[in-house]
Structures are given as structure tokens and as C-alpha cells.
Amino acid sequence: MLCRSMARSSTRLVPMTVRTRFAPSPTGYLHIGGVRTALFNWLFARRHGGQFLLRIDDTDQQRNVDAALAPILHGFRWLGIDWDEGPEVGGPYEPYYQSQRLPQYQAAVQKLLDGGFAYRDYATAEEIQAEREAATAEKRPFLYSRTWMAETPEQQAKFQSQGRLWVVRLKMPREGKLIIDDQVRGQVEFLWEREQDHVIQRNDGTCLYHLASVVDDFDFQISHVIRAEEHLSNTPRQIFIAQSLGYPLPVYAHLPFVAEPGSKNKLSKRKLDKYLKNRDFAQTNEHGLEISRRLNLQNTAETFNPVIVDFYEQVGYLPDAIINYLVLLGWSLDDKTEFMTRQQMIENFSLERVTKAPASFDAKKLWAVEDHYMQQLPLKQKVPMMLRFLQTAGLVPTPTPCEVGPQLTKIVEAAGDRLKTAGDIIAYADFFFLPEQLPESAFDAKAVEKSLKKPGAGALLAKFKTALEAVEPFEPAPLEAALHGFVEREGIKAGDIVHPLRVAVSGKGVGPGLYDCLSLLGKQTCLKRIDRAIKMAGNS
RNA sequence: GGCCCCGUCGUCUAGCCUGGUCUAGGACACCGGCCUUUCACGCCGAUAACACGGGUUCAAAUCCCGUCGGGGUCACCA
């Protein structure tokens, strides 16, 4: 009975009540691959008007769950992936923490024991290990001999008298095959005889993941189990548990995992050093680090890198961009649609169009999507976002002086599409908020060397300063006219004055349009900064 | 090693189920050019893929078989 195939028609309609879940372990951070899995679950539930829930898999670590969970919940909220049931929001099936559901698990174990689908096993770890090694030596698949299996009180008494402790193992079928009809991979076959008698309850009475997961999915009425591919090989034992317990089976869908940059290996948080050798990944990381430094954030490489969602929030990426990038990792709407609103994603998402092969994480592509979204973002929304970064960096005081708002709006407008993330405002606009006398640290050494210390730069600056004093109004168009007139009179190239001038007023070689910079800075500040620069140029 | 999964440009993908319209489309990256006061944007262009071998067929990226390659998983972790 357990061996019969469970083929489903792939054209079956999705049941009326769709309920999906994502089950994070409280680890203290939210992994980008996990978010992708959660996103697909969320989209599928929303697509079919169902519920998406969060269940906390904390059977292993009872301590500090709240602290380790907070960043994860925060990450989901930031991304706009809301959950209908779970931590903080509750729900009809509370609690949603595995650590608080031991009685339910134990009851299920008892039921399995009573039905003969599981047994008490008195073997020691060494004995099991010896069998395993023997099998390896003989080059045959390992299958537990069940020597210390005790199904009757007599057997149990015998082993117990030997001072043995027991665990509960699944009594897996040893013949026939299982066919899983996976919504992404199609039919997948497994031979029952290759499945191990996995432990489902430890000798201290606590239960293990597979048992807990199946019981939870049933208790929470999960209709679709959508998870990463690495769980595919766990599925037979979970189906065995579910069937033995008389549960209806959920629909399974195994997503390809998110792979490392430029490779097919599963993305993990532990191989950061390796990913940093990937140029695109390293650039994204460095960009974030630079902003983090300016923000004086106390980050460690452990929790602040492009594999962790928190990284993107701190650097000032847009949640919509992250989501849009992630939805494209293993799923496509059609042959050309790249940018979608959440509504469009929800309306179009289907498991059918999920790819089978792993998709590598491409930091450059994410960057391009972010670029697009930032350019689309209305100025009114950009400004407050950037203001927060300037304040965190200590460039603008809190509360915000009233003149900052309008000025910042102009600055952001002038910076235009140079701003890819909100954190970029610091590098592009800090000099607007620095004192008239720019601190030494505000000068880019290379730019000073290249433009300011170029022979003749100081003298040119001094001459142009005079011309600048007469410009009225001090706005982009008259400024441009003044500069061009100056270039003509002096018989020089525009670049000869433009570059030193930019470094003089901003300290950098790159930035928003020069005339915008001058105008926004105001005549007084410009003149003073030019004076300073003339001295710097002369010192060479 | 056993079992399972996967294999279209460097990367994300469309096409595959329902062979022909695919001399394989889009996007990102890369390279070249234009624009330009820097940077960025934008625009134009170029390079670039059906893992391999058989078979079926008038016709195969698409169907079948095999090979090779890559990955996942084999816990009293989740």
C-alpha cells in the first residue's frame, strides 16, 4: 500500500485553499537563497488567494531564539513579504515554533509506533557505525540489520536490562518503489529499499526534523510544500511518515537552489572568501563596505556581505529591486519581460515556469535591476530615503534643518542616475554638507594630484575666480556661459579649467554636473574653496 | 561510492511537453563606438550557446537510447 505510486495528473487544478510555508531556523541572518524560496512560496499563495505562513524550525537551538529570529523577520518585512500566520502575528494553529510543539510530535511518534511504522531501536551509535562501515567495505548500500529493533515488551526488557538506551526509528518499507509527482521536476522515482530507518525521536524524547516537519505541515494544513531541491531526497521518508499517520499528502515542488557566483554549487554563507574572488561579487561587496564605513556601521564580514539580505538594506538598495531580481532567478514570465510589479508577479506566477537547473547568483545583474528601480523612483521618495543616510553618516543634523529639504531635492536631482543605491548619496553629495573649508579627508588624493597639481592649474583657477565673482545669477546657465567665455579668452581647453575647478569645490574628480555643483554650493562657498585650492596647487 | 536531480551565449533565461516559422530570441556582463566638463545615464554595434554520440524522421535544441560532465543527498542538523 505504501509502495503504490502516487502519481498525480500534472494538469490538476490547484485546490481551493492554498497554504504554503517557509520554515527558517533562527540563525540571526536571512540568506538570499532562503528569501528566493520564501518568495516563491509567498507568490504562489498570493496567486491562488491562499495563505503564506512562517514556521520556526528551532528544534535544535532553544536559546536566544527571539534574538536570532528578529533579523529574519525584519528582513521579510523590509522586503514586503508578509506572512498570514506565524511569529508575531499568531494564527489559528499556534504555536508556530517547533520548540513548543513537542507534545504533538511525541503523539505522532506514538501513533507510528502503535501502527508498526516505527520501532524502538536499542543499538548504540558504535554498532550502527560498524554496520555502516561494513557495508561500505563490501561496496553494498547500507541498510540497518534491525538487530536491536525491539517491537515487543519482552525484547525491550531484554535490551533495557543490558543498560541500552533507545531511540525511535522509522520502519521503512524494503521493497517496491515510490513515485513522487513533483510540480517542478515531474515524476521522480525512488526505491524504498534504499531508504534508511531514520531516527525520528532521540533517547531524551525530543524529535527530529523530518517527523516534526511532516506533523507541522499537516497540523498547519499546508497544501503545497515548495522548498529547495536539497530536500528532494528527504521526501520519501516524509511521505512515508505522512502516509503512515494517515495524512493526505501535500503537493511537492522542489525548486532548484541558488548557486554560487559563476558556479553550480549551492550558495552558502560559509564560502565568502571564494565568492570574493568573483569580480562582480567583490565589487558589490566593496561598494557596500565603503558605504558601511561612511555610516560607521559595526558590521562583520559574517553578517554583512551580498549573500545576506541585511546587507542590501544597510547599503540602501530598494526592496522592489531585490524581489524583482530574485523572482527572475529560476522563474520567468515569458521570453522578454524583465521588470514586474509585485502585482504582475502575483498574477503570473506559476510553478510550471520554474526552471529545473540551478541559477547562479549574479551580483552585476542585481545591480542592473537596482539601477533601473532607483531611476524609476520618484524624487519625492528618493529624497527622504537619502536624507536618512546623510543623517546616519553625520552629514546632516537631526532633526533636519528646514533648509536641507529643498536643497537636498536639488542635489538629488543633479546627481540623477548616478545614485544607484541610497547610500551612494554620501559619496556623491557629502561636499555639499561639509564646512566651507573642506577637511583634508574630503579630498581625493588622486584627483588632487591629477587636476589640481597640474602645472598652471593654480593660476588658471585664480583668474577664473575673478570671472566667477561677476556671475549673476549664480545659476547653471550663466555659469556655463562664463566658463565658456573664459576658455575662449584664455585660449585653453575646457578641461583645463573644468577639472581643477571640480576638485577645488568638491574635493573629487567625479560627481554631479559641474554647473549644478557650483550653483548649489553658492558663490561664497565656491570662492572660498577655490582660494584654498589655489594654495594647495601652489604648494606642489 | 549508492541513490536522486540537472545540462541552450560568461551569467539569468525564451524555445522543448504539442518536431519545421530557430541560419536559436531577450536581458545582464564583457568589448568597440557615439554623446560628453568628470562620472553615470542614454544610443549604436560586435563577440558569444543548443555537452557529446547514436537512433527515429523528409525535417531534432525539441522525441528515444547511450555516454560524458556538473550538482544535491546519504546524521540521534535543519
Side-chain angles (χ1 to χ4, degrees), chain A residues 10 23-25 27 57-61 98 121 125 128 132 135-136 139-142 165 167-169 180 182 184-186 188-191 193-196 198-204 206-210 212-213 228-236 254 256-257 259 261-266 278-280 325 328-339 352-353 355-369 371 375 415-420 424 428 447 451 480 483-484 487 493-499 501-503 506 508-515 517:
Chain A
S10 57
S25 289
T27 53
D57 282 14
D58 56 349
T59 52
D60 217 27
Q61 36 198 318
Q98 290 196 324
D121 183 55
I128 294 285
R132 197 172 265 130
T136 308
K139 293 192 172 172
R140 62 175 160 81
F142 165 65
L165 296 171
V167 297
V168 177
R169 284 183 187 277
I180 300 170
D182 189 280
V184 171
R185 329 205 82 89
V188 183
E189 299 188 9
F190 291 91
L191 258 21
E193 65 195 280
R194 289 286 133 78
E195 300 300 317
Q196 302 301 321
H198 277 95
V199 174
I200 52 174
Q201 190 178 73
R202 299 182 180 97
N203 62 38
D204 64 0
T206 58
C207 294
L208 266 11
Y209 169 73
H210 295 291
S213 186
E229 184 192 348
E230 65 241 44
H231 287 282
L232 184 54
S233 51
N234 299 151
T235 308
H254 288 92
F257 53 79
S263 128
K264 291 293 179 205
N265 295 11
K266 191 172 77 168
N278 175 282
R279 191 179 61 166
D280 299 340
Y325 169 71
L328 258 15
L329 222 49
W331 180 80
S332 64
L333 197 165
D334 54 30
D335 58 340
K336 45 179 73 71
T337 307
E338 290 265 306
F339 301 110
E352 226 168 70
R353 289 191 65 84
T355 46
K356 291 185 170 80
S360 357
F361 176 73
D362 182 350
K364 264 281 168 55
K365 177 99 177 187
L366 201 182
W367 179 257
V369 176
D371 184 1
Q375 289 196 41
D417 40 35
R418 291 172 187 83
L419 303 168
K420 312 295 188 192
D424 289 337
Y428 276 105
S451 302
E480 185 170 3
L483 188 131
H484 283 143
V487 164
K493 283 180 292 183
D496 293 337
I497 183 63
V498 162
H499 300 307
L501 188 55
R502 172 182 292 285
V503 178
S506 76
K508 306 174 208 293
V510 300
L514 179 61
Y515 309 115
C517 288

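Naming convention: chains lettered A, B, ... in sequence-line order (proteins, then strands); numbering from 1 in each chain.
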Rounded to whole Å, please give me the gap between [atom1] in [X] and [atom2] in [N].
X	N	atom1	atom2	value
A/Asn234	B/G72	CG	P	14 Å
A/Asn278	B/C30	CG	C1'	13 Å
A/Glu195	B/A75	CD	P	12 Å
A/Gln201	B/C76	CD	C1'	11 Å
A/Asp121	B/A75	CG	C1'	14 Å
A/Arg194	B/G1	CZ	P	15 Å
A/Asp280	B/A29	CG	C1'	6 Å

Output all residues satisfying side-chain contact (heavy atoms from CB on, under 4.5 Å) with [X], sequence neighbours left out; order by chain, then residue number.
X	answer
A/Glu230	A/Ala228, A/Phe257, A/Lys266
A/Asn203	A/Leu165, A/Val167
A/Asp335	none
A/Ala359	A/Leu329

Only pairs with both distances under 3.5 Å count, Watson-Crick or wobble alike; so what is the partner of [N] in this structure?
N	answer
B/G69	B/C6
B/C58	B/G20
B/C74	B/G1
B/U11	B/A27
B/U38	none

Using the [atom1] atom as the point on both nucleotides, what is the distance between [M] and [N], in whole Å?
N	M	atom1	value
B/A14	B/G26	P	15 Å
B/C16	B/U23	P	15 Å
B/A61	B/C9	P	15 Å
B/G53	B/U13	C1'	27 Å
B/A46	B/C28	P	16 Å
B/C4	B/A27	P	40 Å
B/G55	B/U62	P	14 Å
B/C30	B/C41	P	10 Å

Assign [X] to base, sugar-phosphate, or nothing according to its heavy-atom contacts below 4.0 angstrom with the strands shown.
X	result
A/His210	base
A/Phe190	sugar-phosphate
A/Asp204	nothing
A/Val188	sugar-phosphate

- Message: The criterion is side chain to side chain donor-acceptor pair (under 3.5 Å); which residues satisfy it with A/Thr136, sequence neighbours excluded?
- Response: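 By the side chain to side chain donor-acceptor pair (under 3.5 Å) rule, A/Thr136 matches no residue at all.
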- Item | Mutual orientation of the aromatic rings belonging to A/Tyr209 and A/His231 [parallel < 30°, tilted 30-60°, perpendicular > 60°] |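 Rings of A/Tyr209 and A/His231: tilted, 30 to 60°.
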- Message: Please find the pair of heavy atoms, one from A/Ser360 and one from A/Ser263, that lie closest to each other, and give the distance.
- Response: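 Where A/Ser360 meets A/Ser263 most closely, the heavy atoms are OG-O, 3.4 Å.
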- Message: Side-chain N or O of A/Ser233 versus OP1/OP2 of B/C5: is the shortest distance under 4.0 Å?
- Response: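 Answer no for this pair, as no side-chain N or O of A/Ser233 is under 4.0 Å from OP1 or OP2.
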- Message: At less than 4.0 Å, is any side-chain N or O atom of A/Asn203 found next to OP1 or OP2 of B/C76? Yes or no.
- Response: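 It does not, given that no N or O in the side chain of A/Asn203 lies less than 4.0 Å from OP1 or OP2 of B/C76.
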Partners of [X] by salt bridge (charged side-chain N to carboxylate O under 4.0 Å, His left out), sequence neighbours excluded?
X	value
A/Asp121	A/Arg169
A/Glu338	A/Lys365
A/Arg353	none
A/Asp424	none

- Item | Whether over 12 other heavy atoms sit under 6.0 Å from A/Lys264 NZ |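 For A/Lys264, atom NZ is crowded (more than 12 foreign heavy atoms under 6.0 Å).
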- Item | Given B/A75, B/A78, B/C6, the nucleotide with the shortest approach to the side chain of A/His198 |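 Ranking B/A75, B/A78, B/C6 by closest atom to the A/His198 side chain puts B/A75 first.
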- Looking at B/A78, B/U73, B/C5, which one has an atom nearest to any side-chain atom of A/Glu229?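 Nearest listed nucleotide: B/C5.
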- Task: Would you kindly compare A/Lys336 and A/Ile128 by the position of their nearest RNA chain B nucleotide and give the one closer to the 5′ end?
- Result: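 Result: A/Lys336.
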- Task: Starting from the 5' end of RNA chain B, give me the residue, A/Leu232 or A/Arg279, whose nearest nucleotide shows up first.
- Result: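 Looking at the nearest nucleotide for each, A/Leu232 comes out on the 5' side.
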- Query: Could you write nucleotides 9-19 of chain B as a row of B, S and -, 5' to 3', where a protein heavy atom under 4.0 Å of any base atom gives B, of only sugar-phosphate atoms gives S, and otherwise -?
  - Reply: --SSSSS----
- Note on the structure: Letter by letter from the 5' end, nucleotides 36-46 of chain B scores (B base, S sugar-phosphate only, - none; protein heavy atoms under 4.0 Å) -BBBBS-----
- Trace of the side-chain contact (heavy atoms from CB on, under 4.5 Å) decision for A/Leu483 with A/Tyr515: CA-CA 9 Å; A/Leu483 188 131; A/Tyr515 309 115; 3.6 Å; yes
- Give a yes or no on whether the backbone of A/Tyr428 and the side-chain of A/Arg418 come within a donor-acceptor separation of less than 3.5 Å.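 Not at all, since once roles are kept as given, no pair shorter than 3.5 Å links the two residues.
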- Item | Whether A/His231 stacks on the six-membered ring of B/A78 base, 5.5 Å and 30° limits |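 Whether judged by distance or by angle, A/His231 passes, so it stacks on the base of B/A78.
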Shorter than 3.5 Å, N or O on both sides, protein versus nucleotides 66-68 of chain B: list them out with atom names.
none

